[in-house]
Amino acid sequence: MTDDKILEVNHLCKYFSSGKKSVMKAVDDVSFFVKRGETFGLVGESGCGKTTTGRTIIRLYKPTSGEVIFNGKRIDGRLSKEDSRAVTSKMQMIFQDPIASLNPRMTVEEIICEGAKINKLFPDKESMRKRMYEMLDLVGLTREHATRYPHEFSGGQRQRIGIARALITQPDMIIADEPISALDVSIQAQVLNLLNDLRKDLGLTILFIAHDLSVVKYFSDRVAVMNRGRIVELSSASQVYDHPVHPYTKSLLSAIPIPNPRVEKQRKRVDYDPGMHGYDASNQPSMYEIEPGHFVFLSEKEFADAKKQLAAQ
Amino acid sequence: MDENRILEVKNLNLHFKTYSGNVQAIRGVDFHLNRGETLAIVGESGSGKSVTIKAVTKLLPDNAVIDSGEILYEGQDILPMDDKKFSHLRGNDISLIFQDPLSSLDPVMKIGKQIMEAILIKKQGTKREAAAKALELMRAVGIPEPEKRFNEYPFQFSGGMRQRIVIAIALACNPKLLICDEPTTALDVTIQSQILDLIKDMQRERDLSVIFITHDLGVVANVADRVCVMYAGKIVEVGTVEDIFYDPRHPYTWSLLASMPSLNTSSEDKLMVIPGSQPNMLVPPKGDAFAARNRYAMKIDFEREPPMFRISDTHYAATWLEHPDAPKIGIPALLRHRIDEQLREEATS
């Protein structure tokens, strides 16, 4: 891993308007960066804006404001044809639902090759097919699978097809939006191990979006916790889990059921009430760096208290 | 009959008639539920856990055929009962909570009325009494300002609040047995934790016996007294929650426990993968259904189905590895390490 930033997101906002007056701030002033080769986890509960963040980065939504810098170039807003092609082939996405994300009328070969075809990455059909077979091999499928249709596969295999499709353009970065939450437990581990191997072998950068904190911790180098469209805490995975600072992070961590009956049966949940901060005009929260590389979204006073507490630990 | 057993399922066999043939969904399921305890049934989708409780509540679809078996509720076999007779039990004595709270509620009926409906249908009081009871239930399940919310519709409630309403409806007729089919799977973790606490509180207050279906082992650790592990229509291991988590015997249970990372799993550790996928139950495999995915499978696993081997009074496992002549394999190192760590953690906390 280098310090080279592959992706930089600055003050990204995405508002959806519902009706004439009400505005839904799905993503509100989100800033972070992802280093080349690392896995960055984005975690939060449903509706916190993590999926919208991912989709806005990959240009599925147009951001309301803010900038997205990928490989040193701004990619939000309008792009020339070449730039747009460079972005779509170098940044790929894996979706949550392996049934909905594969076209039922296309064969596996067509599905996997589509991105490569559109981006004209291969001079002829043979080289493309050769590459497709390599991809199938890489994700643990066989050549015979190429002519079949998605419905002939199990959930785990379908997710492998989705991964092969994302990899054929040789992306620098993959946005994985809840890639395992629609799968069965025994299959989840298969896909997780596959992603882990690919990341090591291909040196992929992954933006991993998920709600399952134990999976995110296992899989990520750094983690950002989102709540109500904002990042409330950002740090290395172990820091966030061992020394959470923001009350929301603490609450989220205390709610994960641990598969250890003796500990689990005695555990107490910490509740989080967004009103507890008592923010007003004179007391607004912002991002503070509490230790090197560990950021929290708190007001000045809360930050001072949190710092004292952390020092005492 | 054992007085302490509120429910007993004996050698239940069941198949579904489909166009492609008969799907052997349940293949000889035996379990019992003691009064006041929580039994968790764990397994993947398709393992037959939901079908089992649908059989217990007689809510099976028309193409399901029960081949053999008995389901005894308080000593009475419910299978021969007709619908009219059984519907007196279901709702009054046995109540259900499903996964998706939105689809268990009527979108065009006010919340208060939906709770009252349960009481009125079972003729447990007049309209006025039912309304009072509904308000009391809403308070009990933690709905703020129940008087105001009484006249609201399901869409005005959040997911967690909807599940609370569903629980209120399930408790309306003071059931003795509560069956929860993945009640928290559709909810966020913080809400899940609240709902689990609520179910446990209600169980304690009302002395309920609970069957809890889930695939999340963390949830099992939280709620269960005893656990049944199901695979391909059979119970492969049953024991107290401590038996299953600290001394698992069946290779499938091992894989389940070691296949997901916990917060203590370092990212250097590999996860234990179960290769392949579940068998096609149109033609159930010969021998142990898990054999093809089992790295510890022996020759006999492919030929003969293992019986339930007794490990202790509470703990049984259906694997040939428990046979006295079988090689002593023991828990895989990865899982052993994890369990030891968990026990250490318990000692320090």
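The figures here come from the full heavy-atom set of this structure, side chains too, leaving out hydrogens, waters and symmetry mates. Naming: A, B, ... by sequence-line order, numbering from 1 per chain.
Heavy-atom distances place both the backbone and the side chain of L252(A) under 4.5 Å from chain B. Neither the backbone nor the side chain of R338(B) comes within less than 4.5 Å of any heavy atom of chain A. In this structure, chain A has heavy atoms under 4.5 Å from both the backbone and the side chain of S259(B). The contact between D197(A) and chain B is made entirely by side chain atoms (from C-beta outward), counting heavy-atom distances below 4.5 Å. The contact between L256(B) and chain A is made entirely by side chain atoms (from C-beta outward), counting heavy-atom distances below 4.5 Å. Proximity to chain A (any heavy atom under 4.5 Å) is restricted, for A224(B), to the backbone atoms N, CA, C and O.
Distance alone, capped at 3.5 Å, places no donor-acceptor pair between the E44(B) side chain and the I187(A) backbone. Side chain of D188(B) to main chain of E45(A): no donor-acceptor pair is present (N/O by atom type, distance under 3.5 Å, no hydrogens or angles).
Residues N222(B) and K265(A) approach most closely at O-CE, 3.8 Å, considering heavy atoms. Taking every heavy atom of both residues into account, S214(A) and P261(B) meet most closely at CB-O, 3.5 Å. Scanning both residues, D216(B) and P257(A), for their nearest heavy atoms gives OD2-CG, 4.3 Å.
Inter-residue side-chain proximity for T190(B) and R269(A) is flagged as unmet; no heavy-atom pair is nearer than 4.5 Å. By the 4.5 Å heavy-atom criterion applied to side chains, Y246(B) and P261(A) are counted as neighbours.
Open room surrounds NZ on K268(A); 12 or fewer heavy atoms of other groups in view lie less than 6.0 Å from it.
How far CG of L217(B) is from CG of N260(A): 11.5 Å, rounded to the nearest 0.5 Å.
Interface check for chain A: of the options Q278(B), Q192(B), Q194(B), the most heavy-atom pairs under 4.5 Å are formed by Q194(B). Listed options N193(A), D212(A), L192(A) were ranked by heavy-atom pairs under 4.5 angstrom with chain B; first place goes to N193(A). Contacts with chain A were tallied for E242(B), K200(B), M272(B), H215(B); E242(B) has the most, counting heavy-atom pairs under 4.5 Å.
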| message | R262(A) vs L343(B), test: side-chain contact (heavy atoms from CB on, under 4.5 Å). Steps then yes/no. | response | CA-CA 8 Å; R262(A) 286 186 203 163; L343(B) 290 171; 3.6 Å; yes
